[in-house]
Amino acid sequence: MSEPPAVSSLELRPTGPEDRGFLYRLYASTREEELATVDWAEGQKEAFLTQQFSAQDHHYHTYYPGARFDLVVVAGEPVGRLYVARWTREIRLIDIALLPASRGAGIGTRLISELQAEAAAAGKTLTIHVEMYNPALALYQRLGFRPIDTVGVYYLMEWRAESVAEAPAPT
């Protein structure tokens, strides 16, 4: 069985300053449901999204030096982002987000599965922070992630390959 077109033509490319507008629109799309319930004027919502996007972008680039910040590209068009930090014993999936039209097409599953294969081959765990009410939580659980800690409104979730889980702890 062949992959859906969205998955078979998938590429990653580093983000650049020219991608800021797309990255903002992508971020805003991840907050649509939440902001639909807020009784704010459109200008207030826009100001909030702009501030939150800038704060998140600053946080990621400050606290994850050396991480890869990639656009997810399908058929030459950006459809999402994948931010990953690779450390000595762990690969951290900092953030994965897709435009609404690209969700549910297998793109996220493929990207995470590739990170799982990389982590297994390197003998590392794969981790991600996920908001407790994030709809993607079901995807992470389906792919074998388990909560290992709670940090505010986030779960720290971990995926371990069998060989990683059975390896003795470092002394």
Side-chain angles (χ1 to χ4, degrees), residues 1 3-4 6-16 19 22-23 26-27 29-31 33-34 52-74 78-100 102-171:
M1 180 182 214
E3 293 181 318
V7 176
S8 62
S9 66
L10 183 66
E11 298 177 62
L12 297 176
R13 78 158 171 79
T15 61
D19 299 312
F22 169 78
L23 291 168
L26 174 64
Y27 174 79
S29 78
T30 68
R31 305 294 298 265
E33 284 185 37
E34 174 188 2
Q52 291 291 294
F53 169 73
S54 293
Q56 183 187 69
D57 187 64
H58 175 74
H59 176 84
Y60 287 162
H61 284 86
T62 300
Y63 291 97
Y64 296 98
R68 292 241 359 198
F69 299 93
D70 289 322
L71 282 187
V72 178
V73 180
V74 173
V79 299
R81 67 183 185 190
L82 179 70
Y83 296 171
V84 179
R86 290 167 172 87
W87 299 323
T88 304
R89 294 188 176 117
E90 174 185 344
I91 297 174
R92 171 68 52 91
L93 177 50
I94 302 166
D95 192 78
I96 182 171
L98 298 168
L99 290 173
S102 296
R103 296 175 194 155
I107 296 170
T109 298
R110 175 174 163 190
L111 292 168
I112 294 168
S113 296
E114 288 175 357
L115 288 172
Q116 288 173 318
E118 177 186 342
K124 297 180 180 184
T125 60
L126 177 61
T127 61
I128 184 171
H129 279 103
V130 183
E131 285 183 325
M132 294 174 182
Y133 303 105
N134 185 330
L137 185 60
L139 169 66
Y140 303 129
Q141 290 170 328
R142 181 172 58 80
L143 293 175
F145 285 82
R146 300 290 173 251
I148 59 169
D149 197 8
T150 303
V151 181
V153 298
Y154 295 91
Y155 290 124
L156 175 59
M157 300 187 79
E158 177 182 72
W159 176 87
R160 291 177 168 265
E162 292 300 318
S163 60
V164 173
E166 296 170 4
T171 56

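Side chains are part of it too, since the values below use all heavy atoms of this structure and drop only hydrogens, waters and symmetry mates.
When all heavy atoms of Pro78 and Leu71 are compared, the pair lying nearest together is CB-CD1, 4.0 Å. Gly152 and Met132 get closest at one heavy-atom pair: O-CE, 3.4 Å. Between Leu143 and Trp159 the shortest heavy-atom distance is O-CD1, 3.3 Å. Considering every non-hydrogen atom in both Ile96 and Gly108, the closest pair reads CD1-CA, 4.0 Å. Counting all heavy atoms, side chain and backbone alike, Ile128 lies closest to Val130 at CG2-CG2, 3.7 Å.
Taking CD from Gln56 and CG from Leu23, the interatomic distance works out to 10.0 Å, rounded to the nearest 0.5 Å. Atom OH of Tyr155 sits about 7.5 Å away from atom OH of Tyr133, to the nearest 0.5 Å. Here CD of Gln52 is found 8.5 Å from CD of Glu34. Values are rounded to the nearest 0.5 Å. In this structure, OG1 on Thr150 lies 9.0 Å from CG on Leu156, to the nearest 0.5 angstrom. Atom CZ in Arg92 sits 5.0 Å away from atom NE2 in His129 (nearest 0.5 Å). Considering OH of Tyr140 and CD1 of Ile112, their distance stands at 5.0 Å, rounded to 0.5 Å.
For the 3.5 Å distance criterion, the side chains of Thr125 and Arg160 fail to qualify, holding no donor opposite an acceptor. With hydrogens and angles left out, the side-chain atoms of Asp95 and Tyr60 include a donor and acceptor closer than 3.5 Å.
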Start with the C-alpha gap between Glu90 and Thr127, add the side-chain angles, then the distance that decides, and say whether side chain to side chain donor-acceptor pair (under 3.5 Å) holds. CA-CA 7 Å; Glu90 174 185 344; Thr127 61; 2.4 Å; yes
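Side-chain rings of Tyr64 and Tyr83 stay apart, their centers remaining 6.0 Å or farther from each other.
One N or O on the side chain of Ser113 and one on the backbone of Thr109 form a donor-acceptor pair closer than 3.5 Å.
Two residues are said to be in side-chain contact when any heavy atoms from C-beta on lie closer than 4.5 Å; Leu82 and Leu115 meet this criterion. By the 4.5 Å heavy-atom criterion applied to side chains, Arg110 and Ile107 are not counted as neighbours. You'll find the side chain of Leu26 reaches within 4.5 Å of the side chain of Leu99, heavy atoms only. Proximity of Phe69 to Val84: side-chain heavy atoms (C-beta onward) are nowhere separated by under 4.5 Å.
Ring-plane geometry between Phe53 and Tyr27 is classed as tilted, the angle between the planes lying from 30 to 60 degrees on a 0 to 90 degree scale.
Arg81 has no carboxylate O lying under 4.0 Å from a charged side-chain N of Asp57, or vice versa, which leaves the two without a salt bridge. A salt bridge is absent between Glu118 and Lys124: the closest approach of a Lys/Arg side-chain nitrogen to an acidic carboxylate oxygen does not fall below 4.0 angstrom.
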